[in-house]
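Reviewing the structure listed below.
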2 protein chains.
Amino acid sequence: MTATPVVSLSNIKVACQNCSLASLCLPMGLAPADVDKLEAIVKRSRPLRRGDHLFESEHKFRSLFAVKTGSVKTYTLGPDGNEQVLGFHLPGELLGLDAIQSDVHRCSARVLETSSVCELPFERLEELASHIPTLQHQLFRLLSKEIGQDTDMVALLSRSPAEERLASFLLSLSERYQRRGFSAKEFILSMSRQEIGSYLGLALETVSRLFTRFQEDGILRVDRKHITILDLERLRKVIAHQTNCDQQAQGPN
Amino acid sequence: MTATPVVSLSNIKVACQNCSLASLCLPMGLAPADVDKLEAIVKRSRPLRRGDHLFESEHKFRSLFAVKTGSVKTYTLGPDGNEQVLGFHLPGELLGLDAIQSDVHRCSARVLETSSVCELPFERLEELASHIPTLQHQLFRLLSKEIGQDTDMVALLSRSPAEERLASFLLSLSERYQRRGFSAKEFILSMSRQEIGSYLGLALETVSRLFTRFQEDGILRVDRKHITILDLERLRKVIAHQTNCDQQAQGPN
DNA sequence: CGTAGCTTTGAAGATTTTCAACCTTAGTGG
DNA sequence: CCACTAAGGTTGAAAATCTTCAAAGCTACG
């Protein structure tokens, strides 16, 4: 009898949390045996350094990538050669979902700080999913979630003035860090003002001025890339501020 | 009286053939037997009229919807009660993909003109997909495509001035109509200036002024909702216009 | 130290929005 | 048939927001 490795619950948990398959495993839970199969197709990569590419636009799509630690930005080059930042990806988040359709990456992904990632060969993932309905379901959910987030971003960009955009961005970072067990109120930005501006559709100077204003207002403490949220309530209020009606109802997801 | 109908009967036939499952079946082709199974779970609905809802925000998610004829807009209400248009959906396009994750609709879908749609109960679709790998693959592609489109929208909104946004919007409509066999150069807008503005992050007045300017420039002919693209080349050029470095001898400024 | 790369800040300029008025079209009922 | 109304569209002028240009400050790093 072969000595099958014992899979304890805590092991799985650890595996899921460390490898950022968390995004796949946690939401509804696969059977332990299925988690093993999933783990089996994951390629763990060496740590990447700032400036390294996970993939580049126009290159053949093979794998999804999950950020384990660090952070990654996705971007395209506009017709004028300017970089357009499309997103920032923190631990536990997936990249490359937009490439499934075209079989070719539609954007580039560059590491912002020393980071580690998992690589998930998509063909094998698909093959696995066709045998594990729960995994299939999780993948659908994952893709759908990405659509929802993009939709939120579209709404933000088409409706909100600069102040609200930056506030939303900071709250989004805060929530995402918190969900991964980091501090919700204090973090280091791994991206420049320029990159934040590009992402939010603002000039870098506008971003800088807003950081200053938020600090003056006592909402934030800003020390270059070191952000401390001093007044979460008020930061939230900046977003809901709009016409400042009377209602306060805002449902959390 | 217009001499030439913009939408001919044969065009409609083409669009209807395959129901709008075209978006599912055509891209890579399911086996005929599988197409039958797919057809079997589709609910065909009666025609809907302007103002009818396909689904509403916060309601339970059960089905995806495919537009067969007509057009549908998706929108949310901002915290101030203002409507934020998220998208316009033409024949052959799917709605509801963002709800898979939350099991609840995250936006509302309202019919802009007399339209017909198919309803695809998602649970049954998923069940089917788990037995038909090709269908699973098509669904992944479909979701991925949506992500890619949303990403394009994000890039448009965060990078482009008003002129380019409207030009992109018109080109997008043109391409989508053409793909379904309608005229690429002449179509009727089923949405108001207000709705276009909301979608593009512009005031309705700005949209109106741009239509006027495009017409003055000879790029479009605009008669209320009836749009004729007179100079497709120049419309494309509006988008690529950016801050070009060395080329660009001519500019509309 | 000194340079390079961000970041901050100020002032001028451009784009876009807002406010307001007027116009056009389609639908309604006298 | 016509006037009336409501909704959507156009247009102008003032105001707000944001960007651009320019310069100077700060940090990190060799």
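Each chain gets a letter, A, B and so on, in the order the sequences are listed, and its residues count up from 1. Excluded from the calculations below are hydrogen atoms, water molecules and symmetry mates; all remaining heavy atoms, backbone and side chain alike, are included.
A donor-acceptor pair shorter than 3.5 Å cannot be found between the side chains of A:His53 and A:Ser108.
One donor-acceptor pair, N or O on each side, does fall under 3.5 Å between the base of C:dT18 and the side chain of B:Arg209. Counting distance only, with no hydrogens placed and no angle test, the side-chain atoms of A:Glu205 and the base atoms of D:dC21 include a donor-acceptor pair under 3.5 Å. On a pure distance criterion of 3.5 Å, no polar donor-acceptor pair joins the side chain of A:Arg193 and the base of C:dG5.
Atom CE of A:Met191 and atom C1' of C:dG5 are 18 Å apart (whole Å). Atom CG in B:Leu189 sits roughly 17 Å away from atom C1' in D:dA7 (whole-Å rounding). Atom CD in B:Gln194 sits roughly 13 Å away from atom C1' in C:dT18 (whole-Å rounding). In this entry the distance linking CZ of B:Arg159 with P of D:dT20 reads 14 Å, nearest Å. Rounded to whole Å, atom C1' of C:dT7 lies 12 Å from atom CD1 of A:Ile227. In this structure, A:Asp223 atom CG and C:dC6 atom P are separated by 17 Å, rounded to whole Å. For B:Arg213 and D:dT10, the CZ to P distance is 14 Å, given to the nearest whole Å. Look at CD on B:Glu195: it is 9 Å from P on D:dG8, rounded to the nearest Å.
Note: B:His105 and B:Phe61 have perpendicular aromatic rings, judged against thresholds of 30 and 60 degrees for the angle between ring planes.
If you run ring-ring contact (aromatic ring centres under 6.0 Å, His included) between A:Phe187 and each of A:Phe88, A:Phe182, A:Tyr177, only A:Tyr177 comes through.
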Requested in this report: Dump the intermediate steps for side chain to side chain contact (heavy atoms under 4.5 Å, CB included) on B:Cys107 and B:Thr76, then the final yes or no.
Outcome: CA-CA 5 Å; B:Cys107 60; B:Thr76 54; 3.7 Å; yes
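When distances run from any side-chain atom of B:Thr206 to the nucleotides C:dT25, D:dC18, C:dT17, the shortest one goes to C:dT17. Closest to the side chain of A:Ser208, out of D:dC18, C:dT8, C:dC6, is C:dT8. The listed nucleotides are C:dT16, D:dT19, C:dT18; the one nearest the side chain of B:Ala203 is C:dT18. Considering only side-chain atoms of A:Arg224, the nucleotide from D:dG9, C:dT7, C:dT9 that sits closest is C:dT7.
In this model, the phosphate group of D:dT27 is not approached by any side-chain N or O of A:Lys225 to a distance below 4.0 Å at OP1 or OP2. Between B:Thr212 and D:dT11 there is a side-chain polar atom (N or O) within less than 4.0 angstrom of OP1 or OP2.
The backbone N or O of A:Asp217 sits less than 3.5 Å from a side-chain atom of A:Arg234, completing a donor-acceptor pair.
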